[in-house]
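Protein chains get the first letters and strands the later ones, always in sequence-line order, with residue 1 at the start of each.
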Amino acid sequence: MTSSPMPGPTSAEPAVPGARAPADSGLQSGRLVEPKAGGAPGIPMIAIDAVSKWYGDFQVLTNCTTAIVKGEVVVVCGPSGSGKSTLIKCVNALEPFQKGQITVDGTKVMDKATNLPKLRSRVGMVFQHFELFPHLSITENLTLAQRKVLKRPAEEAKKRGLDLLARVGLSAHASKYPGQLSGGQQQRVAIARALAMDPIVMLFDEPTSALDPEMVGEVLDVMVELARDGMTMMVVTHEMGFARKVADRVIFMDRGEIVEDATKDDFFGKPRSERAQQFLSKILQH
Amino acid sequence: MNYNWNWSIFLEPSPEGTGTYADMLLSGLSWTIATALSSWIIAFFLGSFVGVLRTLPSPGAQRIGTAYVELFRNVPLLVQMFLWYFVLPEVLPASVGAWLKQLPNAPFYTAVVCLGFFTASRVAEQVRAGIQSLPRGQRMAGTAMGLTVAQTYRYVLLPNAYRIILPPLTSEFLNNLKNTSVALTIGLLELTARARSMQEFSFQVFEAFTAATILYVLINLVVITAASFLERGVAVPGTR
């Protein structure tokens, strides 16, 4: 494993090797992810079991079932309104659901006994519109939740935050404010902010959809590196290049249902459903 | 118009025997400022609390917040002043009512509470509007990182909402300052009350109210200047 200068999260459990061999992306020195415990092999990190959700009478999710194991990268795609963003927000209970069960590292998210803030602090999330806190400097954005949720001392939080900021190549911007950065830079800070919490899994909700085209690459580079470091990732995106490069599986959703849940090669090679074929032909023809 | 202008009236001793007419007006001004500042403290904190209630996910909390706002902004301030001062001591248990009536400076305390509660309903609406004007994702981002609801408000939503509503909040502060004049009806000797007694003692009505007007405008200009410094001080780099 890497010899990181950072005090990684300590745990009695031995670190479980990632699903794939760590490869050096060459983007930045060092790894974005510290090896850590959690998610024994074979037991899903995220288990989504027969989840259905309604907004009033309107059903947005119908009987969705899938599982993501440690180190797996799963891309969720589908036409707009297919429920993919809603599904990913159910994983950390940002959206409540009425039927079914989701467990994250063995913890049921809709159980009343679950300490949701604690669970959410272990699940990193990156949003379409970055959602950096505009009134806080980049450093403060990186340290707020570390200090208030994880109760890390200010110095330690700052060190961890600045280290991750360096890994996404933005050290020079530590004392700036979000409004002074480009969209791509803001999204990289948002990824670093989520990683600073040492999450066991990362959720990405269309992380490049709000970006100017020339900024998509820099964000995807960070995500590819993260995937190669062995992070468990669930990514809602239309970036099929990203899916081809690092995804283990692709989930295709339409009208609130998981229509196709296949390995990357199967999905791009021979999608079984007609709807997935149509979707692929539409987004890949340009 | 047959009117004897006398601008030196301010330097003449007032019949109260405690100084000149100018001293009388300045004493009124200090009561105005004391009442405005004290009631603003109630209005700001209570109003923020009620405004937050109206934005919480809990329907019960929203209803309590809405009930507060509709009660206190839909009854005229003058009526509220009378209710607090004349009616409340009568409906309370006799001993409490008697204690209230004998309180030294009772008009001041009553005015502070009344204005505080009234203005809180207006501050609450601005705080609510400020919070609701933020992107939904801000609350989600705070929640997703594991911040509790209280922490999300304290560290994410309110600091942004206050920055947005600072200009209308300044107006509200000025309104509150001018509304203190309503308290003359319950016997608070604030600036307008003092101008009126000066007019009654000296018959120099124009001088008295000219002075009161200038004092109100001056104090409001001080507030506006302070508010614009505050606005610049809390402005976030990289935003408009």
Side-chain angles (χ1 to χ4, degrees), chain A residues 85 88-89 91-96 115-138 140-151 173 175-182 185-186 190 193-199 202-206 210, chain B residues 44 48 51-52 55-62 126-127 129-170 227-240:
Chain A
S85 282
I88 203 172
K89 286 190 184 111
V91 172
N92 59 355
L94 283 185
E95 293 276 3
N115 181 345
L116 268 182
K118 187 160 181 275
L119 176 81
R120 285 171 176 144
S121 73
R122 305 177 68 208
V123 178
M125 186 152 202
V126 175
F127 296 87
Q128 183 175 3
H129 296 286
F130 333 131
E131 305 303 351
L132 295 180
F133 304 136
H135 63 299
L136 299 179
S137 72
I138 299 306
E140 289 164 335
N141 264 283
L142 290 164
T143 54
L144 176 69
Q146 289 191 70
R147 291 192 296 117
K148 301 302 171 190
V149 180
L150 303 182
K151 311 286 182 204
H173 304 281
S175 51
K176 288 191 180 169
Y177 284 77
Q180 297 170 308
L181 300 189
S182 73
Q185 290 171 329
Q186 287 190 55
R193 178 175 73 172
L195 290 173
M197 303 292 285
D198 295 316
M202 287 282 287
L203 308 175
F204 292 83
D205 185 11
E206 306 209 27
Chain B
F44 180 77
S48 297
V52 165
T55 62
L56 286 175
S58 148
Q62 288 177 20
Q126 291 172 9
V127 169
I131 292 170
Q132 288 177 344
S133 72
L134 301 173
R136 269 186 71 223
Q138 288 281 300
R139 184 194 295 265
M140 274 193 187
T143 308
M145 290 194 302
L147 296 176
T148 61
V149 174
Q151 286 175 325
T152 305
Y153 275 90
R154 164 69 184 81
Y155 298 113
V156 179
L157 300 179
L158 285 176
N160 281 308
Y162 283 136
R163 282 180 171 85
I164 291 170
I165 64 170
L166 197 50
L169 219 47
T170 305
S228 69
F229 274 113
L230 183 62
E231 246 176 86
R232 254 172 283 167
V234 300
V236 174
T239 54
R240 310 153 312 279

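To the nearest 0.5 angstrom, A:Gln146 atom CD is 11.5 Å from A:Ser121 atom OG. Between atom OG1 of residue B:Thr152 and atom CG of residue B:Leu147 there is a gap of 4.5 Å, rounded to the nearest 0.5 Å. Taken to the nearest 0.5 Å, the CE atom of A:Met202 stands 3.5 Å off from the CZ atom of A:Phe204. From A:Ser85, atom OG reaches atom CG of A:Leu203 across 11.0 Å, with rounding to the nearest 0.5 Å.
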Donor-acceptor list for residues 124-133 of chain A side chains, cut-off 3.5 Å, not counting sequence neighbours:
from	atom 1	to	atom 2	distance (Å)
A:Glu131	OE1	B:Gln138	N	3.4
A:Glu131	OE1	B:Gln138	NE2	3.2

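Of the N and O atoms on the side chains of A:Arg120 and A:Asn92, not one donor lies less than 3.5 Å from an acceptor on the other residue.
For A:Pro96, the side-chain contact (heavy atoms from CB on, under 4.5 Å) partners two or more places apart in sequence, or in a different chain, are A:Lys53, A:Met110.
Using a 4.5 Å cut-off between heavy atoms, A:Lys118 does not touch chain B at all. Looking at A:Lys176, neither its backbone nor its side chain comes within 4.5 Å of chain B, counting heavy atoms on both sides.
Nearest heavy atoms, A:Pro178 versus A:Pro134: CD-O, 3.9 Å. Residues A:Tyr177 and A:His135 come closest through the heavy atom pair CE2-O, 3.4 Å. The heavy-atom pair separating A:Pro117 from A:Asn115 by the smallest distance is CD-OD1, 3.2 Å.
Annotation: residues 129-136 of chain B contacts chain A through B:Pro135, B:Arg136 [non-hydrogen atoms, separation under 4.5 Å]. Using a 4.5 Å heavy-atom cut-off against chain A, the contacting residues of residues 157-168 of chain B are B:Pro159, B:Asn160, B:Arg163.
Heavy-atom pairs under 4.5 Å with chain B were tallied for A:Met197, A:Glu140, A:Lys89, A:Gln180; the largest tally goes to A:Gln180. When the candidates A:Leu136, A:Leu144, A:Val123 are compared by the number of heavy-atom contacts under 4.5 Å with chain B, A:Leu144 comes out ahead.
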A:Ile138 vs A:Ser175, test: side-chain contact (heavy atoms from CB on, under 4.5 Å). Steps then yes/no. CA-CA 6 Å; A:Ile138 299 306; A:Ser175 51; over 6 Å; no
